[in-house]
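Numbering of ligands and ligand atoms starts at 1, following listing order. Basis for what follows: all heavy atoms, side chains included, without hydrogens, waters or symmetry-related copies.
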Amino acid sequence: MLEPLKTLRDIFQDAADLKAAKDLLELIVDRVQQSMAADVCSIYLLEPDSAELALVATRGLDQQSVGQVRLRVGSGLVGYIAQHQSLLNVDNASEHPKFRYFPETREERYAAFLGVPIISFRKLIGVIAVQKEDASYFSDEQEAFVITIAAQLAGPLSQWVHAEDVKTFLAQPDVPIESNLKFQGVKGAVGMAIGRVRWLLSTYELASVPDRLATDPDAELEKFTRALNLAKEELRNSGRRMEGSLPKDVLALFSVYKMILEDRELSSETEQFIRDGWSAATGLRKTVEAHARVFAKMDDPYLQAKADDIRHIGNRVYANMQGDDGTDSLQITEPTILAGKDISITDIAQFPPKYLAGIVCTSGSSLSHIAILANALGIPAVMGIGDINPSQIDHTEAVIDGYRAVVIFNPVPNLRKEYRRLARQEAKFIQGLDGLRDLPAETPDGFRIKLYANTGLVADISPGLMRGAEGVGLYRSEIPFMLHESFPSEDEQVQIYRKILEAYAPNPVHMRTLDIGGDKNLPYFSFSEENPFLGWRGIRFTLDNTSIFLSQIRAMLRASEGLDNLKILLPMVSHLDEVKAFHGLLDEAMLQMREAGIQVQRPQVGAMIEVPSAMVMLRDIAKIADFVSIGSNDFTQYILAVDRNNPKVSDLYNWLNPAVIRSIGHVVQSAQKYDLPVSVCGEMAADPAAVILLLGMGVEMLSLSAYNLPKTKLVIRTITQERAAELWTKAKRKSDEHRIRRMLEKELDLMGLGGLIRAGAS
Ligand code: PEP
Ligand code: MG
C-alpha cells in the first residue's frame, strides 16, 4: 500500500541534512520513484518569463537531459498538463496527440505516463511526472499518491525555488537550499530595502524556560544582575538615541518599560528564587509569570495589558542572559533588516537608525505599533509573514519589497541585482519628484484634484506638508490612542489634534473618529470576538461608549477653536442611524462648547464608505452627511469578503477587481448625482494604475500617505481627464482584474511613467 504521508515525512526529515536545492529535488524524485516502484520520476519547473518548463531533476531519464529539456506551456505532455493545470494519466504516452519526443531523455522505453501539476496558491510551479515501461494506466491509488505529494510539496517548492530563478538554479545547481526563501506578508510600510537580517533577541521566549536548578547561585545572581543592568542601559540609550527621530507620543511608550525594569520587586523576587537554588532564567521566569498573572486577572483592561509589557521585559532580560547581550547590535556597520516575532519599540531603538534598512515581523498587521513606527521613520516593513525558523534566516541577506509585502531571504545573485536596481530606481524617482511639490494636482486638460495626506502621527505632519498636501483627507485618530498607555485625556487629545489642525490651517483636516476593533486594538481596552471585522468596530464601538466618544468630539471641537478647518469623518458606517446618532452627540458637544464660552463652528460631518450597505444607502446618507470618503482598504475587503491582512488570500485582495471598481464607480456617480462631495482615502489612491480610473470616474479629492503623494500627483499631471475617462469606460467592461491592470500599466508605459509601476507603487 502506498503511504504518501509517510513518504512526505521521510522527505522532510532527510531534507533537513541537505545543503543544495539540487539535492532536495533529487531526494524527492528518488523517494517518489521508489515508493511507487515506477521506472521514472521527474520534476519540471516553470519559468514564467519564458513560459517554459525546464526539467530540473529526474530519476530514470538520462541525467544529461537535466537542464536541457525545455518545453513551452502547451507543448508535449508536460506542457499540456501545465496549460490545463490538470492531471494526465495515459497508458501509452507516444500515442497521445500532444506527445513530443526528446531524444536526450531516452524515454522511448517508457509507455505509461502520469503527470500532475504542482500548484501553490493557484500559481503553477511545475509538473511532477512518473513513467513506467509497462503499457498500463497508473492505478487510482498511484494517482492519489502523486496528487498528495504534489500538493504538499508545492508550498515548500514555491518558497525556495522561485519560478523566476529556475534559470539561475539550473546554472548554479549547488545554490543552497536556504536560498531565495520567499515569504508573502501584509503591508507594514512601503519602500524597498536590502540588508543583512538580524533576528531579534527579544524573540527569546522566557515562558519556554524549563524549571532548572543551578549549582552556583552566586554565578547565577551575577548573571541576572548583569542582564538586568544591561537591559536598563539599553533602554536609556535607546530613549536617548530616538529622541530626535520620534515624536513625543511614540517616545512615551519607553517610560512604561522603564518603570517595570526599575521595579524593586522584579529583582528582589528573582534573586530570592536564585538563592533557593533555581537558575537565573528559571528564577526570572517564575517572577515574571507571577506578576504577569496578577495583571492578566485584573478587570481593568489597561492593567491587563501590563501583563504583556512585563513579559516583554522578561524576554529582553532573558535574551541578555543568553550571551547575546545586545551590545553587538550597536556595532552594526551595514544596512540591517530587523526580523522577529513580536518586535517592540525598544527593539527598534537599539539599532543605529542609519543602518536600520527594513523590518520584518512574523506576526502583526499594517496597524501594529511597529508598522506605525516604520511608517513614521520611513523604513520599509513587512508584517505577518508567518512562522519561520530564526536560525534559517539570521545573518542572511534579505530583500524587502514593502509595496508588495514580500520578503526574500538569501536571494540568489540575479534577484539581488534586480532588487538593487529597483531600489536605486525608486530612490531616483522619488528624488526627481521633489520639484512637483508646489505644482497643482491638475490634469493637462484642466481637471483639478485636491490632493490630501493620510496621517495619524504628529511625526507625519511635516512629510505631508513637505510633499505639498493641500490638507489632511484622513486623520486616523486611533493612532494616538494606540500609542498611549491608557485612554488619552480630553486635554491630551486637544493638544495632539491642535497640532495637526494648526499645521494645515486654513486647509481642511478630516479627522476620523476613533476607528478601533477589527485589526486595530487598544492595548488597554482589548476584547476578543469570533469575527472582529464584522463586530464591534469603528462607529459601533464609539456609539456604545458615549463618554469616550463625547470626550473625543469635544477635544476635536476645542482643538479647532479659531481655526475652523475641522471636518469630522465617521468610520465603518453601516446604518443610517449611526450618522443620525452622531449628529445628536455633536449637538450635545456644541451645546457644551457654547456653555463653556468656546467659539467654534459646527464642523461638517462625513461618512466613510467602507461597507456595501453604505454604498447602497448613499442617497439616504446624502441627506444627513456633508461629504463621503471611500475607504478603499476596507471597501475592497468587504466587497470581496477577503481579509486585508491575511497573506493566504492576499492574491484575492485587489482594488482593481471588477466588482470593486464598478462599486466605487457607482458610489462616485451617485454622490455626484446627489451633490455630495466624495473622496477616496485608502491605499488605492497611491496606486498609479488605480489613480487613472479614479480620475476617469471624476473623483476630485484623493487622500494618501505623504510618501506616495508625488507619484500620484505625477500621474494626475500627465494624463488628461478625457483619456482617463476613456480608460475607465473600457475598464468597466472588463471582467478580469489582471486585464484591467495590464491595460492601465500599458498606458502608464506609454505616458513614460512605467517606472512608477516598476518602482513598486502598486
Ligand atoms: C480604509 O479602510 O480604506 C481606510 C482609509 O481606513 P483604514 O485603512 O484606517 O481602515
Ligand atoms: Mg477603514
Side-chain angles (χ1 to χ4, degrees), residues 186-190 364-369 371-372 375-376 383 405 451-457 460 464 469 471-483 509-522 532-542 567-574 578 606-615 627-646 650 653-657 660-661 663-664 667-668 678-687 690-691 694 699 701-709 712:
V186 289
K187 281 181 195 168
V190 294
S365 73
S366 34
L367 282 156
S368 304
H369 281 175
I372 293 169
N375 271 299
M383 312 296 295
L451 218 44
Y452 296 139
N454 287 350
T455 170
L457 281 173
D460 265 353
V472 171
L474 170 65
Y475 174 74
R476 291 183 164 104
S477 74
E478 61 278 4
I479 291 184
F481 278 70
M482 285 160 73
L483 294 177
V509 175
H510 298 75
M511 288 206 161
R512 181 170 74 183
T513 59
L514 195 57
D515 182 18
I516 59 158
D519 57 340
K520 307 174 198 175
N521 282 318
L522 298 178
F533 279 104
L534 302 183
W536 215 25
R537 275 204 70 176
I539 194 157
R540 300 174 187 174
F541 172 87
T542 39
K567 299 192 184 212
I568 296 183
L569 190 50
L570 307 176
M572 285 295 300
V573 169
S574 59
E578 292 159 344
M608 295 278 292
I609 306 296
E610 297 179 286
V611 301
S613 62
M615 166 179 75
F627 62 94
V628 288
S629 186
I630 303 170
S632 61
N633 305 336
D634 274 316
F635 193 75
T636 305
Q637 157 165 277
Y638 289 114
I639 289 285
L640 298 177
V642 174
D643 184 344
R644 65 194 252 191
N645 286 319
N646 183 346
S650 60
Y653 182 87
N654 191 333
W655 43 69
L656 290 188
N657 176 290
V660 178
I661 57 168
S663 303
I664 290 180
V667 173
V668 174
V678 57
S679 64
V680 173
C681 69
E683 286 295 306
M684 186 178 183
D687 173 358
V691 169
L694 298 174
V699 176
M701 283 174 285
L702 297 177
S703 190
L704 53 149
S705 56
Y707 183 86
N708 284 314
L709 274 171
T712 294

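In this pair, Phe533 and Tyr638 present their aromatic rings perpendicular. The plane angle is above 60°, beyond the 30 to 60° band.
A salt bridge does not link Arg476 with Asp515: none of the charged nitrogens is closer than 4.0 Å to a carboxylate oxygen.
The structure places CE of Met482 at 11.0 Å from OG of Ser477, a figure rounded to the nearest 0.5 Å. Of the inter-residue distances, the one linking Thr712 atom OG1 with Leu702 atom CG reads 7.0 Å to the nearest 0.5 angstrom. Here Met684 contributes atom CE and Asn654 contributes atom CG; the two are 9.0 Å apart, rounded to the nearest 0.5 Å.
When the options Ile539, Asn454, Leu474 are evaluated for a side chain to side chain contact (heavy atoms under 4.5 Å, CB included) with Arg512, the one that passes is Leu474.
Distances from the Mg ion (ligand 2) under 2.8 Å pick out these protein N/O/S atoms: Glu610 OE2, Asp634 OD2.
The shortest N or O to N or O distance between Gly631 and ligand 1 is under 3.5 Å. The shortest N or O to N or O distance between Asn633 and ligand 1 is below 3.5 Å.
A side-chain donor-acceptor contact under 3.5 Å links Ser679 and Ser629.
Partners of Asp643 by side chain to side chain donor-acceptor pair (under 3.5 Å), not counting sequence neighbours: none found.
Side chain of Tyr475 to backbone of Leu569: no donor-acceptor contact under 3.5 angstrom is found.
Each of the atoms 3 (O) of ligand 1 lies under 4.0 Å from some heavy atom of Ser632.
The part of Leu474 lying near ligand 1 is the side chain, judged by heavy-atom distances below 4.0 Å. Heavy atoms of Arg512 found under 4.0 angstrom from ligand 1 belong exclusively to the side chain.
Atom 8 (O) of ligand 1 has its nearest heavy-atom neighbour, among Met684, Arg644, Met608, Glu683, in Arg644.
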